[in-house]
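Notes for the one structure printed next.
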Amino acid sequence: MHPVSEPGEATELQAALLRLRRTSGLPVVFGGLLSDARHARIAELSGAQTSALRGLVISAGSGLGGKAIALSRPCAVTDYASARHISHEYDTAVAAEGLRSVVAVPVVVRRRVRGVLYGALRAPRTLGDRTFDAAASAARDVEQALAVRDEVRQLLTSTREQLTGTGPGVWEDVREAHRELRALAPRIADPELRDELLSVCGRLASAAGSERPAGAGFVRLAPREVDVLACVASGATNAVAAERLGLRPETVKAYLRSSMRKLGAHTRLEAVVAARRAGLLP
């Protein structure tokens, strides 16, 4: 499972909750990620007046958030204390914070619940579509961030395995891993994870050192220029590279022209070959 203690995940959760508070107008928002298949710990709060909710462990099926976890869908109550369709293990903490109307939205990644987000009012009012949409949007933000982190971790593990036994038969796999990692890097909010990812990219590129001519010159390319060349090296068109990197095709063309000029290349293929000789691509 994925513990909430990872700094990057906590940062992403906190950012999503702040957006939820801003877009919904709810005065109190909080949430946490699951530490195992059935338990989430409330680790991030915004707008709380007490510490009653912080550290609260929510069990699947218990309370409003536990119900959202168990059903894997949003749940809401107009007045928490008198709600009949939830259990009431957490009434003391909820009452201490003075919460009445509450919505809970699960964070679901690849059909598995990974966390729960809450938004609440201190008055018994029916929550409207705007509130539900904002909560769902915040949950999607966390889902996307976690999915990217999962993908990065899987790629890093696979790439490290490739680096320990790189041979001629696996170079295409190495190059594809390099391209995927470079494409993911700009989407990583956690600076430590992003630096780790780029460090592995550098190791992949330098792994081709034995094939690099001794007299290969030094060339400095911007990160996005390397990203574009990594896509081009895999055979991607400008349109495909743009889609992979989240750029416009015109922007991809500009990066490609710039990198070709720096590398002294006249064609896309020459640019890729020159980048590999310079140790910029594996």
Side-chain angles (χ1 to χ4, degrees), residues 3-5 9-109 112-146 189:
V4 71
S5 57
E9 292 183 352
T11 299
E12 290 153 357
L13 180 63
Q14 185 179 54
L17 287 170
L18 290 174
R19 285 193 294 273
L20 170 58
R21 189 179 179 193
R22 183 177 65 251
T23 57
S24 68
L26 293 170
V28 187
V29 295
F30 51 101
L33 301 183
L34 269 68
S35 56
D36 57 42
R38 293 187 55 81
H39 300 91
R41 177 177 174 274
I42 303 303
E44 301 297 330
L45 301 94
S46 178
Q49 296 176 347
T50 74
S51 60
L53 297 170
R54 186 174 297 278
L56 200 65
V57 176
I58 308 300
S59 300
S62 300
L64 185 67
K67 183 177 180 180
I69 292 171
L71 297 179
S72 191
R73 63 174 175 80
C75 298
V77 293
T78 300
D79 191 351
Y80 194 99
S82 62
R84 297 181 179 180
H85 302 295
I86 62 170
S87 60
H88 289 274
E89 292 87 345
Y90 311 111
D91 282 9
T92 300
V94 173
E97 188 58 45
L99 305 183
R100 304 292 293 276
S101 293
V102 185
V103 59
V105 181
V107 173
V108 184
V109 180
R112 186 176 67 183
V113 178
R114 295 277 293 276
V116 60
L117 306 184
Y118 298 81
L121 295 169
R122 293 189 171 91
R125 300 175 187 165
T126 301
L127 299 172
D129 290 342
R130 176 192 171 194
T131 300
F132 280 92
D133 290 345
S137 178
R140 283 195 300 271
D141 288 344
V142 180
E143 289 163 2
Q144 291 169 3
L146 293 180

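With rounding to the nearest 0.5 Å, the separation of CZ in R54 from CZ in R41 is 8.0 Å. A distance of 6.5 Å separates OG1 of T78 from CG of L127, quoted to the nearest 0.5 Å. The distance from atom CG of L17 to atom CZ of R19, rounded to the nearest 0.5 Å, is 9.0 Å. With rounding to the nearest 0.5 angstrom, the CG atom of L33 is 9.0 Å from the CD atom of E44. Between atom CD1 of residue I58 and atom CD1 of residue I42 there is a gap of 4.5 Å, rounded to the nearest 0.5 Å. The structure places NE2 of H88 at 10.0 Å from CG of L64, a figure rounded to the nearest 0.5 Å.
Across A104 and G65, no two heavy atoms sit closer than the pair CB-CA, 3.9 Å. Closest approach of R130 and T23 over heavy atoms only: NH2-O, 3.0 Å. In this structure, V105 and A139 approach most closely via the heavy-atom pair CG1-CB, 3.7 Å. Scanning all heavy atoms of the two residues, the minimum distance from P74 to P106 falls at N-CD, 3.7 Å. Across all their heavy atoms, R125 and S101 have their closest contact at O-OG, 2.5 Å. Summarising the geometry of A83 relative to V77, their closest heavy-atom pair is CB-CG1, 3.6 Å, with the distance given to 0.1 Å.
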Residues R73, C75; criterion side-chain contact (heavy atoms from CB on, under 4.5 Å); working and verdict:
CA-CA 7 Å; R73 63 174 175 80; C75 298; 4.0 Å; yes
Mind running side-chain contact (heavy atoms from CB on, under 4.5 Å) on V28 and L121 for me, showing each step along the way?
CA-CA 7 Å; V28 187; L121 295 169; over 6 Å; no
Worked check of side-chain contact (heavy atoms from CB on, under 4.5 Å) between R122 and Q49:
CA-CA 11 Å; R122 293 189 171 91; Q49 296 176 347; 3.4 Å; yes
From CA spacing to verdict: side-chain contact (heavy atoms from CB on, under 4.5 Å), E12, V142
CA-CA 6 Å; E12 290 153 357; V142 180; 5.8 Å; no
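Partners of R100 according to the salt bridge (Lys or Arg N to Asp or Glu O under 4.0 Å) rule, which considers only residues two or more places apart in sequence or in another chain, are D79.
Among residues at least two apart or in separate chains, ring pair (Phe, Tyr, Trp, His ring centres under 6.0 Å) pairs with a member in residues 24-64 are F30-Y118. Residue pairs meeting the ring pair (Phe, Tyr, Trp, His ring centres under 6.0 Å) criterion with at least one member in residues 46-77: none, sequence neighbours excluded.
Inter-residue side-chain proximity for S59 and Y90 is flagged as met; some heavy-atom pair is nearer than 4.5 Å. A 4.5 Å side-chain heavy-atom check between R38 and D36 finds at least one atom pair inside the cut-off. In this structure, L99 and Y80 have side chains that are not in contact, with every pair of non-hydrogen atoms separated by 4.5 Å or more. Annotation: side chain of D141 is not in contact with side chain of L20 (no heavy-atom distance under 4.5 Å).
V107 pairs in a side chain to side chain contact (heavy atoms under 4.5 Å, CB included) with only one of the listed residues (L117, I69, V116), which is L117.
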